[in-house]
Every structure is written in C-alpha cells, then in structure tokens.
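The structure under discussion appears below in the form of structure tokens.
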Amino acid sequence: MLPRVLLCGEIECVQDELKEMFHGIAEVIHLVSESRSHFLSSFGPGGPYEGTVALYRLNESSEVIGKFDGPLIHALADTSTVRWIAQSSSGYDEIDVQACKERGIMVSNTPGANEDATATATLYLMLSCLRHFSMAEQSLRSGTWRTLCNPAQTHDITGRTLAIFGLGRIGLRFAHLAHAFPMRIIYFSRRKPESVPDWCEYVSSLEELCKQADVLSLHVPLNQSTAGMIGEKEIRTLRRGSVLLNTSRGRIVDQEAMIRALEDGHLSSVGLDVYPDEPHVDPRLLTFPRCALLPHVGGDSAESDRTRELQALGNLRAFVLGGVGEDVVPELKTEIGNSTT
C-alpha cells in the first residue's frame, strides 16, 4: 500500500502536475471532513485518512477543521502517522510550530513563491497612500469626479525615504521596485542579511528606522516576538504625516495605536492588505478615505498561485521520497535529522 498524502485545500492551478508528481509513490486523497472532530477521528484503521504520512495545507481549511493549534497537533500526533505538514503559503502563523517540534512533525512553507505579487501590491499601496489614488477612485465612482481630492495634500515618491522592516525576499523585491523612482531605502532586520545592494542603508534599530521614515513598510513573519511589535511608541516615533504599510500580518501592528494616529493626523494614511481578525475589518478604518485597503489579496496572482502550489507539493514529494522535504520553517531546521517517515 502506497503512503497517502492528504490535501487540506484544493489544488487550483497544477492538477495535471499533481498527478504526475505523485504517480507511483503516493496516493493523493482529499479532505472530506466537515468538522474538526471528524477530521481527527479519521486517521485510524478504516478511516478515510488511514495511512496518511503528510498533509498539504491551505489556510482556508481552517474554516472546516480550525487552525493547526496545539490541541490539533497533539491529537494528530496521537492518532495518525502524519510527520510532515506542507503549508501552501509563506506565512505559517496558523500552525503551532512548537507543538510540531515537540511531537516530531515537520513543517515547510513556500518562501519566495509570492514575493513579486506581494511586493507589487505593497508598491500599489504606497503609491495610493502618497497620491490619494484610492480616494480619487472613490470620488469618481460616486459621481463627484475629483471633488474629494486636494492635490496640495498629495506627495511624489521621488526622493522620499522608504524604511523597510524585514529585508527578506519580499522586502528586498519591494526595495528594488521603490529604488527605481528613486527613493532612499533604509532597512532594519533582526538578522542582518549577508548580501544587499549598496543603496540599501542598514540602520541599527527599529527606533532609528522609524525616526527616518517617510514610509514604513513591514515585511516580517508573525510570531511571538513580532506580535504587536509596531505599537504606540514605534508609531509616534515616525514623523508626523508618515505612511504605514502592512502586507505581512495584521497582528504585527497594534491596531488601536494605529487608528489613534490616523485620528489625530500623526499618520497621514495607511496601506493595508492584512488585518488582526480577518476577514473582519475594523469599521473605523473605512472612515479614513486616504487609506488604501485590500482584502488580503496582495500575494495572489495566477503566476504566484501556480508557483506556490508547485513548491508546496514539491516539499511533500521530497518528504515521501526521502523522508526529508525542503523549505523547512526556520524554527524546525535543527530538527531535520530527527524527522522520520
């Protein structure tokens, strides 16, 4: 009997490649559960997921079985032979990685798959915030032409300082796009990258980054150390009239502090693709017409979705063939030698 790979989420772009990738090495099965309890009870003998060794996971599956939190991971380890979870996104904050580490389950993600899509979405948000394009479009659509717009309150990008918090793949791609205007690019990362362009200036602290920024853009993963990292202090350290961009995760920012800064004008606008409690969006954000708001679509495009699916499935295939997949999340890299099929 071939080992089984369970898809917790549908493959949209690479169905033909899926069949070819696992032909003769694993049986691909689909999620049939309609509840968390059914999911966890289905890995035993005779269950629909019996013999499953690895999972492909989309965040959308949480609508049925919930997030892969500690209780789910421990139950999964107790009732199944699953030893690999391939998250089909760069972010993996819906998986309790520490619980996976404790139970010998490895986790991979898809770093770089959506770097161009996310970087260009961030560029759009920056342009819209500085030039008030979102407000201008709303004015046109409401039949008032450009009545709502005041050009004296908009700003060109050229020569402004873009501060990037987290110069990973997406942050660096965005830096390249913004440098073309040109903008002055400064950055701070908790781990200083080994190789960056000469025109990217490193600053020694998050505080110093905020002090110099006209635009602050966030490109760090959500974890215990980054949750709420951009709070009242950091926002008030920004220059008055600055712009804040977030295409990472909503909970990196203290939303209450951000809204207060919008209300009193310390922030001129924010460009957001992510929110703390998605899909809920705080209705107060909708009252600031200069802000540019997207419904977490920044990383999605036909090209990035195809790349993401192939990368996640490739991680699964490598695990099935050799017991060790690729793109292991940083927290678990030291555990690679301990992973088993």
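Side chains included, hydrogens not; waters and symmetry mates left out as well; all remaining heavy atoms used.
For the pair V215/S242, no side-chain contact is recorded, criterion being any heavy-atom separation below 4.5 Å from C-beta on. Here the side chains of L286 and L293 are in contact, with some heavy-atom distance below 4.5 Å. Taking the side chain as every heavy atom from C-beta outward, D282 and I259 approach each other to under 4.5 Å. At least one side-chain heavy atom of V297 sits less than 4.5 Å from a side-chain heavy atom of D273. Residues D214 and V243 are not in side-chain contact: their nearest non-hydrogen atoms beyond the backbone lie 4.5 Å or more apart. Within the 4.5 Å cutoff, no side-chain heavy atoms of C291 are placed close to those of L272. A 4.5 Å side-chain heavy-atom check between Y124 and L294 finds at least one atom pair inside the cut-off. Put simply, the side chain of V97 reaches to within 4.5 Å of the side chain of L332, judged on heavy atoms.
The two residues N109 and S89 have their closest heavy-atom pair at CB-O, 3.2 Å. Residue V320 comes nearest to A26 through the heavy atom pair CG1-CB, 4.1 Å, listed as atom of the first residue, atom of the second, then distance. The heavy-atom pair separating I164 from A175 by the smallest distance is CD1-CB, 3.6 Å. The nearest pair of heavy atoms linking L76 to L40 is N-CD2, 4.1 Å. Across all non-hydrogen atoms, the minimal contact from A54 to L316 is CB-CD2, 3.5 Å. Closest of all the heavy-atom pairs between L218 and S248 is O-OG, 2.8 Å.
Using a distance-only test at 3.5 Å, with no hydrogens or angles considered, a donor-acceptor pair links the side chain of S128 to the main chain of S134. Within the 3.5 Å criterion, the main-chain N or O of Q98 finds no donor-acceptor partner in the side chain of E331. Put simply, the side chain of T226 never gets that close to the backbone of M229: no donor and acceptor are under 3.5 Å apart. A distance-only check finds no donor-acceptor pair linking the side chain of E326 to the backbone of N315 [under 3.5 Å]. Without hydrogens or angle criteria, E309 side chain to R306 main chain gives no donor-acceptor distance under 3.5 Å. With hydrogens and angles ignored, the 3.5 Å screen pairs no side-chain donor or acceptor of H38 with any backbone N or O of V32. No donor-acceptor pair under 3.5 Å is formed between the side chain of T161 and the backbone N or O of A213. Between the side chain of N246 and the backbone N or O of R249 there is at least one donor-acceptor pair closer than 3.5 Å. Looking only at distances, a side-chain donor or acceptor of D96 sits under 3.5 Å from a matching main-chain atom of A99. Checked by atom type and distance alone, the side chain of S80 pairs as donor or acceptor with a backbone atom of V82 at under 3.5 Å.
Side chains of S205 and E207: a donor-acceptor N/O pair is absent below 3.5 angstrom, by distance only. For the residue pair N223 and S225, a side-chain donor N or O sits within less than 3.5 Å of a side-chain acceptor on the partner. Counted by atom type alone, H155 and R160 present one or more donor-acceptor pairs between their side chains at under 3.5 Å. Using a 3.5 Å distance cut-off with no hydrogens or angles, the side chains of T144 and S139 do pair a donor with an acceptor. Judged purely by distance below 3.5 Å, without hydrogens or angles, the side chains of T122 and T247 pair a donor atom with an acceptor atom. With hydrogens and angles left out, the side-chain atoms of Y56 and S88 include a donor and acceptor closer than 3.5 Å.
For Y187 and F165, the distance between ring centers is not under 6.0 angstrom.
We find that R36 and D69 are joined by a salt bridge, their nearest charged nitrogen and carboxylate oxygen being less than 4.0 Å apart. The pair E256-R284 meets the salt-bridge criterion, with a side-chain N (NZ, NE, NH1 or NH2) lying under 4.0 Å from an Asp/Glu carboxylate O. The residues R4 and E27 are annotated as salt-bridged, a charged nitrogen and a carboxylate oxygen being separated by less than 4.0 angstrom. A salt bridge links E94 and R57; the closest N-O separation between the charged side-chain nitrogens and carboxylate oxygens is under 4.0 Å. The pair R169-D116 does not meet the salt-bridge criterion, since no charged nitrogen lies less than 4.0 angstrom from a carboxylate oxygen. Ion pairing of D93 with K67 is absent here, as no side-chain N (NZ or NE/NH1/NH2) approaches a carboxylate O to less than 4.0 Å. The pair R184-E201 counts as a salt bridge, with a side-chain nitrogen and a carboxylate oxygen less than 4.0 angstrom apart.
Separation of atoms CD (E115) and CG (L172) is listed at 8.5 Å; rounding is to 0.5 Å. Interatomic distance, CD of E17 versus CZ of R317, reported as 12.5 Å (0.5 Å rounding). Expressed to the nearest 0.5 Å, how far CD1 of I65 lies from CG of L31 amounts to 5.5 Å. Rounding to the nearest 0.5 Å places CD of E12 at 9.0 Å from CZ of R308. Atom NE2 of residue H179 and atom CH2 of residue W199 lie 5.0 Å apart, to the nearest 0.5 angstrom. For the atom pair CG of L222 and CZ of R251, the computed distance is 5.0 Å after rounding to the nearest 0.5 Å.
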S304 vs T307, side chain to side chain donor-acceptor pair (under 3.5 Å): CA-CA, chis, key distance, verdict: CA-CA 5 Å; S304 66; T307 300; over 6 Å; no
Full working for side chain to side chain contact (heavy atoms under 4.5 Å, CB included) between I235 and L267: CA-CA 8 Å; I235 291 172; L267 287 174; 4.1 Å; yes
Evaluation steps, side chain to side chain contact (heavy atoms under 4.5 Å, CB included), between V28 and L7: CA-CA 7 Å; V28 178; L7 303 182; 3.6 Å; yes
Full working for side chain to side chain contact (heavy atoms under 4.5 Å, CB included) between R236 and R260: CA-CA 10 Å; R236 296 296 166 174; R260 284 194 296 271; 4.1 Å; yes
Step-by-step side chain to side chain donor-acceptor pair (under 3.5 Å) determination, R239 to Q212: CA-CA 8 Å; R239 299 168 180 172; Q212 298 188 42; 5.9 Å; no
Evaluation steps, side chain to side chain contact (heavy atoms under 4.5 Å, CB included), between V5 and T52: CA-CA 6 Å; V5 171; T52 296; over 6 Å; no
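Between H219 and F174, the ring planes are tilted. Angles from 30° to 60° get that label. Aromatic ring orientation, F43 versus Y49: tilted (interplanar angle from 30° to 60°).
Residue H23 places its NE2 atom among 12 or fewer non-hydrogen atoms of other residues, nucleotides or ligands, all under 6.0 Å distant. More than 12 heavy-atom neighbours from other residues, nucleotides or ligands sit within 6.0 angstrom of CZ on R103. For CZ of R146, the number of neighbouring non-hydrogen atoms (other residues, nucleotides, ligands) closer than 6.0 Å is 12 at most.
No single ILVMFWY cluster, assembled from side-chain heavy atoms under 4.5 Å apart, contains both I170 and I230. One hydrophobic cluster, built from ILVMFWY side chains closer than 4.5 Å, cannot hold both V274 and L58; they sit in different ones.
A cation-pi contact, defined as under 6.0 Å to the ring centre and within 45° of the axis, is absent between R83 and F319.
With sequence neighbours excluded, the residues forming a side chain to side chain contact (heavy atoms under 4.5 Å, CB included) with L127 are L123, I157, F181, listed by chain and number.
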